[in-house]
Amino acid sequence: MTATSHEDQKDLEKLFEIIRHVKFAMLTTVNEDGTLHSRPMINKQADSFHGELWFFTHRSTHKITELKRGSEEVNVSYADSDHHSYVSISGRANLVDDNTKKKDLWNDSLKIWFPNGLDDPDLTLLRINIVEAEYWDSSASIMKKLYGLAKAAILGDHSSLAAENKKLTLT
């Protein structure tokens, strides 16, 4: 994914800053009967962002069965209630068995879910290539929030209370 302008690049950087520190994401796949199925995933992003998301998983899980059936379209959502930031991402998922990438993303805190570590033959990476993303961010400083509240209370102007909202389309 290559950003087409300086503004697009700034939007991607903002998206990455919102999601990179969120501990868990919700991954939604499509069941065989067409219903949606969501589950929490440990958010393990690389140190740089190239329009893709990375998750460790076991290849023997139900989500992988769903993806192998041809339902590669997924949604990944993030919520950071402490900073009032929220993200919804639509993309296409695929499995990646790249030992270098696994080592790059691995840390020992993952052993809770993957006790055999990088030596586990069932361990694989799930890469989500982002197609569309939308974020809502109202993580402004406390002073900016207080100013917005005062402006709304005194002048009836609620525009300063609105969250930043952007929709991005990646190709």
Side-chain angles (χ1 to χ4, degrees), residues 1 3 8 11-99 101-118 120-139 162-171:
M1 198 296 308
D8 292 340
D11 290 341
L12 281 176
E13 289 170 7
K14 174 75 173 199
L15 177 70
F16 182 59
E17 282 306 310
I18 293 171
I19 67 174
R20 74 181 297 175
H21 299 294
V22 178
K23 190 163 183 146
F24 296 97
M26 291 297 289
L27 172 69
T28 303
T29 55
V30 181
N31 280 317
E32 188 173 309
D33 65 1
T35 59
L36 301 176
H37 180 203
S38 299
R39 80 278 288 150
M41 300 288 289
I42 302 166
N43 187 28
K44 270 311 293 169
Q45 300 312 313
D47 290 332
S48 60
F49 188 61
H50 304 287
E52 55 194 20
L53 306 172
W54 293 92
F55 300 96
F56 280 97
T57 189
H58 289 108
R59 73 181 77 250
S60 58
T61 62
H62 185 69
K63 66 182 153 290
I64 301 306
T65 304
E66 292 168 347
L67 295 174
K68 286 182 177 179
R69 261 197 333 271
S71 301
E72 298 93 3
E73 285 80 21
V74 298
N75 179 271
V76 182
S77 58
Y78 298 83
D80 182 351
S81 59
D82 290 340
H83 295 100
H84 307 285
S85 300
Y86 308 91
V87 174
S88 178
I89 293 174
S90 298
R92 297 186 60 79
N94 64 309
L95 296 182
V96 176
D97 284 312
D98 179 337
N99 289 333
K101 189 67 173 180
K102 287 179 189 177
K103 288 177 186 173
D104 181 45
L105 294 174
W106 183 263
N107 70 48
D108 285 336
S109 68
L110 294 169
K111 282 196 172 194
I112 295 169
W113 290 276
F114 307 103
N116 296 325
L118 292 171
D120 186 343
D122 196 40
L123 184 68
T124 190
L125 288 169
L126 184 62
R127 177 178 57 202
I128 312 294
N129 293 308
I130 299 172
V131 175
E132 287 187 342
E134 187 168 6
Y135 66 80
W136 299 261
D137 181 36
S138 58
S139 61
E164 178 182 1
N165 174 235
K166 290 275 184 151
K167 187 170 185 176
L168 313 168
T169 302
L170 288 68
T171 54

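- Residues satisfying the ring-ring contact (aromatic ring centres under 6.0 Å, His included) test with W113, not counting sequence neighbours, are none.
- Residue G51 comes nearest to L170 through the heavy atom pair CA-CD2, 4.0 Å, listed as atom of the first residue, atom of the second, then distance.
- Residues D122 and N116 have side chains not in contact (no heavy-atom distance under 4.5 Å, counting atoms from C-beta outward).
- Among residues two or more places apart in sequence or in another chain, the side chain to side chain donor-acceptor pair (under 3.5 Å) test is passed with N129 by none.
- In terms of the side chain to side chain donor-acceptor pair (under 3.5 Å) criterion, S77 has no residue partners (sequence neighbours excluded).
- Partners of D98 under the side-chain contact (heavy atoms from CB on, under 4.5 Å) rule, at least two apart in sequence or in another chain, are V96, T100, K101.
- Looking at N165 and E134, their side chains do bring a donor and an acceptor atom within 3.5 Å of each other.
- Across all their heavy atoms, G117 and L123 have their closest contact at O-CD2, 3.4 Å.
- Judged by distance alone, the side chain of N43 and the main-chain N or O of V22 form a donor-acceptor pair under 3.5 Å.
- Scanning both residues, I89 and A133, for their nearest heavy atoms gives CG1-CB, 3.9 Å.
- Between the CG atom in D120 and the CZ atom in F56 there is a gap of 11.0 Å [rounded to 0.5 Å].
- Here NE2 of H62 is found 6.5 Å from OG1 of T29. Values are rounded to the nearest 0.5 Å.
- Within the 3.5 Å criterion, the main-chain N or O of D80 finds no donor-acceptor partner in the side chain of S85.
- Distance check, rounded to the nearest 0.5 Å: CH2 of W136 to CD1 of I18 gives 10.0 Å.
- The CG atom of D82 sits 13.0 Å away from the NE2 atom of H21 when rounded to the nearest 0.5 Å.
- In this structure, I42 CD1 and F114 CZ are separated by 5.5 Å, a value rounded to the nearest 0.5 Å.
- Residues forming a salt bridge (Lys or Arg N to Asp or Glu O under 4.0 Å) with D33 (at least two apart in sequence, or on another chain): none.
- Closest non-hydrogen pair, A93 versus L126, comes out as CB-CD1, 3.9 Å.
- Nearest heavy atom pair, residue D137 against residue H83, reads OD1-O, 4.0 Å.
- Remark: E13 engages Q9 in a side-chain contact (heavy atoms from CB on, under 4.5 Å) (not counting sequence neighbours).
- Scored by the side-chain contact (heavy atoms from CB on, under 4.5 Å) test, I112 finds no partners at all (sequence neighbours excluded).
- Atom CG of residue N99 and atom CG of residue L118 lie 8.0 Å apart, to the nearest 0.5 angstrom.
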Pair E73-V30, side-chain contact (heavy atoms from CB on, under 4.5 Å): steps then yes or no: CA-CA 8 Å; E73 285 80 21; V30 181; 5.7 Å; no

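- Between A25 and Y78, the shortest heavy-atom contact is CB-CE2, 3.5 Å.
- Under the rule for a salt bridge (Lys or Arg N to Asp or Glu O under 4.0 Å), the partners of E17 that lie at least two apart in sequence or sit in another chain are R20.
- Partners of K23 by salt bridge (Lys or Arg N to Asp or Glu O under 4.0 Å), not counting sequence neighbours: none found.
- For R39 (side chain) and H37 (main-chain N/O), a donor-acceptor pair under 3.5 Å exists by modelled atom type.
- By the salt bridge (Lys or Arg N to Asp or Glu O under 4.0 Å) test, K63 is found to be paired with no residue, residues two or more places apart in sequence or in another chain being considered.
- A search for side chain to side chain donor-acceptor pair (under 3.5 Å) contacts involving D97 returns R59, T124, not counting sequence neighbours.
- Scored by the side chain to side chain donor-acceptor pair (under 3.5 Å) test, Y135 finds E164 as partners (sequence neighbours excluded).
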